[in-house]
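One structure below.
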Amino acid sequence: MQLIDLHCDTLGKLLRCDREQAEHVDIKENDFCISIPGMQRAGTLAQFFACFTYLPFAKGGYEECYEDALAMIRILKEQCGRYQKELAAACSYEDIRKNEAAGRISAVLTVEEGGIINGKMERLRELYQKGVRLLTPIWNFDNCFGYPNSRDERVMKRGLTPFGKEAAAYAGELGMILDVSHASDGSFWDILDCAEGPVIASHSNCRALCDHPRNLTDEMIRRLSEAGGIAGLNFYGTFLSGGKESRLDAMTAHIKHMIQIGGSGFPAVGTDFDGFDGMEYEDIPKAENMERLWDALKRAGIRESQLEGIWRKNAERVLKRLPSS
């Protein structure tokens with residue numbers, strides 16, 4: 001089995017270690033959820049690495065956040081150079097195939113929090129040129145793109161700004177996947193309407209099973225699936241069952257619901273590893289434990305062909321729509 005994981009936040013942890021000058025902590029040697037040995041044991045084909053920036057910690061606002069994202073891009077490039085036999089950047093499906101043939105794990109860059117664009121359209125091209133191939137336009141704050149998921153119904157109804165609609169279309173034209181995870185319901189529909197390329201939910205679950213605004217409604221699952229999109233199963237307990245436990249039975253239930261509503265080509269994996277804490281129990285605490293989910297889904301009656309789709313083929317279908325490097 002070979003895995004494509006659509007979302008992790010490991011680069012943020014590496015950035016903190018870099019700034020704190022932590023010794024012997026890098027993508028190969030760490031106590032994080034994601035490491036090279038862990039990915040190798042998981043059979044990882046490609047790992048999407050998010051450049052996530054947290055606005056409240058940035059005294060310089062989104063301008064500082066943009067610099068942080070550039071620093072994370074630099075760190076991943078350095079890590080790929082340091083461990084070039086095991087890890088290599090990928091900007092297209094063809095790159096992933098080449099890396100696979102060479103026995104390397106592919107590292108795909110993403111940006112989580114489009115606020116770092118800060119109304120400057122040229123930054124999308126700059127990020128694309130630096131290798132970013134997926135953009136999550138909105139995190140949990142409203143920004144130049146639009147509005148985030150919220151318990152406030154008024155916020156949830158709001159969508160993309162005029163700039164956000166133009167920028168979302170431009171990102172797709174460049175060759176970026178647009179990610180609706182974290183978006184308000186209004187922003188979700190606007191992104192689908194504006195997109196000039198693939199749209200996915202990189203790390204979101206099913207609202208019918210866990211009533212959280214971060215999750216997708218059945219109507220969203222149907223429409224996203226019809227548009228050729230996918231959703232990566234998020235391992236965070238709050239989005240699985242609303243609690244502080246990340247359990248295999250809840251993961252299995254969400255995958256089965258995705259298949260029921262969106263079809264076998266819809267579910268994928270977007271662990272959100274290294275992006276959440278506070279869990280009291282996790283059935284899959286690290287990448288090396290991913291086989292547990294495969295086994296649980298198989299026991300639940302998920303066919304081998306469906307498992308291959310969840311693990312790799314559904315995400316590959318989306319990646320094939322990106323321009324060649």
Side-chain angles (χ1 to χ4, degrees), residues 6-16 18-19 48-79 89 91 107-150 155 158-184 187-188 190-191 194-204 214 270 272 274-276:
L6 297 170
H7 189 85
C8 78
D9 286 292
T10 312
L11 288 182
K13 293 200 168 200
L14 288 172
L15 177 62
R16 286 193 292 274
D18 182 70
R19 289 178 172 171
F48 283 52
F49 287 92
C51 299
F52 168 67
T53 56
Y54 187 56
L55 182 62
F57 287 172
K59 293 180 181 179
Y62 278 127
E63 291 302 299
E64 182 178 330
C65 289
Y66 184 66
E67 294 303 317
D68 286 347
L70 294 181
M72 284 183 252
I73 291 171
R74 171 184 56 78
I75 285 172
L76 185 59
K77 182 178 180 180
E78 290 173 352
Q79 295 294 299
C91 296
V108 182
L109 272 169
T110 82
V111 163
E112 184 182 24
E113 172 55 286
I116 68 170
I117 302 304
N118 212 15
K120 301 176 181 179
M121 197 73 73
E122 64 274 12
R123 284 188 174 172
L124 287 169
R125 178 169 288 279
E126 291 170 6
L127 291 168
Y128 181 83
Q129 290 173 340
K130 290 182 181 295
V132 173
R133 290 299 180 267
L134 179 146
L135 173 69
T136 310
I138 304 157
W139 193 65
N140 290 346
F141 309 113
D142 56 282
N143 61 25
C144 60
F145 275 89
Y147 291 86
N149 73 98
S150 174
V155 175
R158 293 174 181 165
L160 297 184
T161 64
F163 172 84
K165 292 178 181 180
E166 183 181 355
Y170 181 52
E173 290 171 4
L174 284 171
M176 287 187 190
I177 300 166
L178 287 176
D179 177 19
V180 296
S181 291
H182 287 284
S184 67
S187 294
F188 172 96
D190 282 348
I191 289 170
C194 296
E196 296 292 336
V199 180
I200 72 170
S202 70
H203 56 306
S204 294
R214 268 283 281 109
D272 209 0
D274 292 317
F276 59 85

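We're numbering straight along the sequence, starting at 1.
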For Ser181 and Thr136, does a side-chain donor sit closer than 3.5 Å to a side-chain acceptor? no

Between CD on residue Gln129 and CG on residue Leu124, distance to nearest 0.5 Å: 11.0 Å

Are the side chains of Asn140 and Asn149 in touch, meaning some heavy atoms are under 4.5 Å apart? yes

Could you tell me if Asp179 and Ser202 have a donor-acceptor pair between their side chains, going purely by distance under 3.5 Å? yes

In terms of side-chain geometry, is the basic nitrogen of Asp18 or Arg74 positioned less than 4.0 Å from the acidic oxygen of its partner? yes

Could you pull out the closest heavy-atom pair between Ser187 and Tyr147, with the gap in Å? OG-O, 2.9 Å

Are Asp68 and Arg16 close enough for a salt bridge, meaning some N to O gap below 4.0 Å? no

Give the minimum heavy-atom separation between Ala183 and Ile191, together with the two atoms involved. CB-CD1, 4.4 Å

Check whether any side-chain heavy atom of Leu134 lies under 4.5 Å from a side-chain heavy atom of Met176, and answer yes or no. no

Just say parallel, tilted or perpendicular for the rings of Tyr54 and Trp139, cut-offs at 30° and 60°. perpendicular

Kindly indicate whether the side chain of Thr53, heavy atoms from C-beta on, has any atom under 4.5 Å from the side chain of Met72. yes

From CZ (Arg214) to OG (Ser150), nearest 0.5 Å: 13.0 Å

Measure across Glu63 and Asn118 and return the closest heavy-atom pair with its distance rounded to 0.1 Å. OE2-ND2, 2.7 Å

Between the side chains of Arg123 and Glu67, is the shortest nitrogen-to-carboxylate-oxygen separation below 4.0 Å, so that they form an ion pair? no

Any heavy-atom pair between the side chains of Leu127 and Val111 that's under 4.5 Å? yes

The reported gap from CD in Glu166 to CE in Met121 (rounded to nearest 0.5 angstrom) is 3.5 Å

Trace of the side-chain contact (heavy atoms from CB on, under 4.5 Å) decision for Tyr62 with Phe141: CA-CA 12 Å; Tyr62 278 127; Phe141 309 113; 4.2 Å; yes

Verify the distance criterion only: is there a donor paired with an acceptor across the side chains of Thr110 and Arg133 at less than 3.5 Å? no

In Å, rounded to the nearest 0.5 Å, how long is the span from CD of Glu196 to CG of Leu174? 11.0 Å

Audit row: Ile177, Val199, side-chain contact (heavy atoms from CB on, under 4.5 Å) steps and yes/no: CA-CA 6 Å; Ile177 300 166; Val199 180; over 6 Å; no

Kindly indicate whether the side chain of Val180, heavy atoms from C-beta on, has any atom under 4.5 Å from the side chain of Ser204. no

Euclidean distance, Phe48 CZ relative to Cys8 SG, rounded to 0.5 Å: 11.0 Å

So which atom in Cys194 and which in Leu160 form the shortest heavy-atom distance, rounded to 0.1 Å? SG-CD1, 4.4 Å

Any carboxylate oxygen within less than 4.0 angstrom of a Lys/Arg side-chain nitrogen, looking at Arg125 and Glu173? no

Just checking, any donor-acceptor pair under 3.5 angstrom between side chains of Tyr66 and Glu113? no

Closest non-hydrogen atom pair, Phe163 against Cys144: CD2-O, 3.5 Å

Within a strict 4.5 Å, meaning less than it, do heavy atoms of the Lys77 and Ile73 side chains meet? no

Quick check: closest heavy atoms across Ile138 and Gly146, and the distance to 0.1 Å? CD1-C, 3.9 Å

Working to the nearest 0.5 Å, report the span between CG of Leu109 and CG of Leu11. 6.5 Å

Mind running side-chain contact (heavy atoms from CB on, under 4.5 Å) on Asp190 and Lys165 for me, showing each step along the way? CA-CA 7 Å; Asp190 282 348; Lys165 292 178 181 180; 3.8 Å; yes

Is any side-chain heavy atom of Leu6 closer than 4.5 Å to one of His203? no

Taking the side chain as C-beta and beyond, is there a heavy-atom pair between Cys65 and Leu55 under 4.5 Å? yes

